[in-house]
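Throughout, numbering of the chain's residues begins at 1 and tracks the sequence.
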Amino acid sequence: MSLRAVAPGAPTLPPKYKLRTVVLDAGHGGKDRGCAGVKAREADVALKIVLALGRHIEENMPDVKVVYTRKTDVFVELADRAGIANKHNADLFISVHCNAAAPNAFGTEVWTMGPHKTDANLSVAKRENAVILQEDNYKERYNGFDPTSPQSHILFSLYQSAHIVNSIRFAQKVDRQFRTTVGRPSRGVKQAGFLVLWKSTMPSVLIEAGFLTNRREEQYLNDKAGQSYMASGIYRAFRDYKNELEATTGGD
């Protein structure tokens, strides 16, 4: 076998980008039940969707390592969720939650890190960030951040992730799958300051699968078939995102 010499100083192509590791985060858990409907609890629904999503990836993409922040009903602090993703040098972080509002509110939302553009965006971030009140020494762990203070959220919203472009790219694919193949009503792709996304060092999204405070949505999300449809939609978005990134040289 002969090897062709490369001339000194000749340009070399960067290695092809490969999406190797994804971290799946089921919101809440353990002592933190999240929001609730008549029967369903956010922590349980989020976990079932995440486990179904993980199975899709593991069965169809053996080259991708799937890491879970939790696989059982346990409490994991927000900083530790992002820390798991950072420790494994993840290429993508997906956090799944359920929403709460007035009984007539409905639809999916896909969030990325960014500024709060409306009071409604701020209220969603405040609800999800309030879990840190159940953590010990949260002010030290989160640089003095106070989830009950509007001023903290306003300052926090100025933070812009270095991976915002690919975060939005993936978020849009998830939203498109929800609206088309899954057939769910969508409230769109949005931005706000979520602590769990702020601490991660890779493209990341937070998915609100629907409103447990809406009886019809609760029944859908608390049903195994509904959870399977949601997981399949996120999986297809992940597959398309991975294929698109790997079709070009370089990464995020």
Next item on the list: Check the pair Phe170 / Ile94 against side chain to side chain contact (heavy atoms under 4.5 Å, CB included), numbers first and verdict last.
Entry: CA-CA 10 Å; Phe170 177 64; Ile94 305 172; 3.6 Å; yes

Margin query: Arg176: which residues meet the salt bridge (charged side-chain N to carboxylate O under 4.0 Å, His left out) condition with it, sequence neighbours left out?
Written below: none

Notebook entry, point to check: Is it true that a side-chain atom of Glu42 and a backbone atom of Gly34 form a donor plus acceptor pair closer than 3.5 Å?
Noted result: no

Check: Are Thr69 and Leu24 close enough that some pair of their side-chain heavy atoms sits under 4.5 Å apart?
Finding: no

Note to self: Here's one to test your reading of the geometry: is the NZ or CZ of Lys71 within 45 degrees of the ring axis of Tyr68 and under 6.0 Å from its centre?
What the structure shows: yes

Check: Who pairs with Phe178 by ring pair (Phe, Tyr, Trp, His ring centres under 6.0 Å), at least two apart in sequence or on another chain?
Finding: none

Notebook entry, point to check: For Gln177, which residues count as a side-chain hydrogen bond (donor to acceptor under 3.5 Å, both in side chains) partner, sequence neighbours excluded?
Noted result: Thr181, Arg236

Note to self: Would you compute the distance between atom CZ of Arg239 and atom CG of Asn60 and round it to the nearest 0.5 angstrom?
What the structure shows: 9.0 Å

Checklist line | Enclosure of Arg215 CZ (heavy-atom neighbours >12, cutoff 6.0 Å) | finding: yes

Check: How about Glu218 and Val38: do any of their side-chain heavy atoms sit closer than 4.5 Å?
Finding: yes

Check: Is a side-chain N or O of Arg81 found less than 3.5 angstrom from the main chain of Ala26, in a donor-acceptor match?
Finding: yes

Note to self: Whether the side chain of Asn99 engages the backbone of Glu208 through a donor-acceptor N/O pair (distance < 3.5 Å, no angle test) should be reported.
What the structure shows: no

Margin query: Just verifying a value: how many Å separate Ser95 OG and Leu78 CG, rounded to the nearest 0.5 Å?
Written below: 8.5 Å

Checklist line | Atom of Cys98, atom of Cys35 and distance for their closest heavy-atom approach | finding: O-SG, 3.5 Å

Check: Between CD of Gln227 and CG of Leu221, what distance do you get to the nearest 0.5 Å?
Finding: 7.5 Å

Next item on the list: Using atom types as modelled and distance alone, determine if a side-chain donor or acceptor of Asn86 lies under 3.5 Å from a backbone N or O of Ser200.
Entry: no

Next item on the list: Treating Ile, Leu, Val, Met, Phe, Trp and Tyr as nodes and any side-chain heavy-atom pair under 4.5 angstrom as an edge, say whether Val96 and Phe106 lie in one connected cluster.
Entry: no

Checklist line | Under the salt bridge (charged side-chain N to carboxylate O under 4.0 Å, His left out) test, residues paired with Arg20 that sit two or more places apart | finding: none

Next item on the list: Would you confirm whether Glu109, through its side chain, and Ile207, through its main-chain N or O, come within 3.5 Å as a donor-acceptor pair?
Entry: no

Next item on the list: Take Asp80 and Arg70, measure what salt bridge (Lys or Arg N to Asp or Glu O under 4.0 Å) needs, and give me the verdict at the end.
Entry: CA-CA 11 Å; Asp80 292 337; Arg70 69 180 182 97; over 6 Å; no

Check: Can you list every pair that meets ring-ring contact (aromatic ring centres under 6.0 Å, His included) and has a residue in residues 201-228, with sequence neighbours left out?
Finding: none

Check: Does the side chain of Trp111 reach to within under 4.5 Å of the side chain of Val205, using non-hydrogen atoms?
Finding: no

Item checked: Nearest non-hydrogen partners of Glu217 and Pro185, listed with the distance -> OE2-CG, 4.1 Å

Note to self: Check whether Thr213 reaches the backbone of Ala101 with its side chain - one donor and one acceptor, N or O, closer than 3.5 Å.
What the structure shows: yes

Would you tabulate the side-chain donor-acceptor contacts of residues 43-56 under 3.5 Å, counting partners in other chains and residues two or more places apart, or write 'none'?
| unit_1 | atom_1 | unit_2 | atom_2 | d |
| --- | --- | --- | --- | --- |
| Asp44 | OD1 | Arg33 | NH2 | 2.9 |
| Asp44 | OD2 | Arg33 | NH2 | 3.1 |
| His56 | NE2 | Ser232 | OG | 3.2 |

Next item on the list: Would you indicate whether the side-chain heavy atoms of Gln191 and Ile168 approach each other to under 4.5 Å?
Entry: yes

Next item on the list: Kindly check if the number of other-residue, nucleotide or ligand heavy atoms within 6.0 Å of CZ (Arg187) is above 12?
Entry: yes

Next item on the list: Could you tell me whether Asp240 and Lys173 make a salt bridge, using a distance below 4.0 angstrom between a side-chain N and a carboxylate O?
Entry: no

Notebook entry, point to check: Can you find a pair of side-chain heavy atoms, one from Arg184 and one from Arg179, that are under 4.5 Å apart?
Noted result: no

Checklist line | Separation of Lys242 NZ from Ile57 CD1 (nearest 0.5 Å) | finding: 10.5 Å

Note to self: Side chains of Tyr241 and Arg169, heavy atoms from C-beta outward: is any pair under 4.5 Å?
What the structure shows: yes

Notebook entry, point to check: Taking the side chain as C-beta and beyond, is there a heavy-atom pair between Phe238 and Val64 under 4.5 Å?
Noted result: yes

Notebook entry, point to check: Between Asn214 and Ala105, which heavy-atom pair has the shortest distance, and what is it?
Noted result: ND2-O, 3.2 Å

Check: Hey, does Thr21 have a side-chain heavy atom less than 4.5 Å from the side chain of Asn89?
Finding: no

Notebook entry, point to check: Measuring from Ser167:OG to Leu92:CG, what's the distance to the nearest 0.5 Å?
Noted result: 7.5 Å

Check: So how far is it from Leu212 CG to Asn222 CG, rounded to the nearest 0.5 Å?
Finding: 8.0 Å

Check: Under 3.5 Å, side chain of His163 to main-chain N/O of Thr201, donor-acceptor pair present?
Finding: yes

Note to self: Testing the basics here: between Ala85 and Val23, what is the closest heavy-atom pair and its distance to 0.1 Å?
What the structure shows: CA-CG2, 3.6 Å

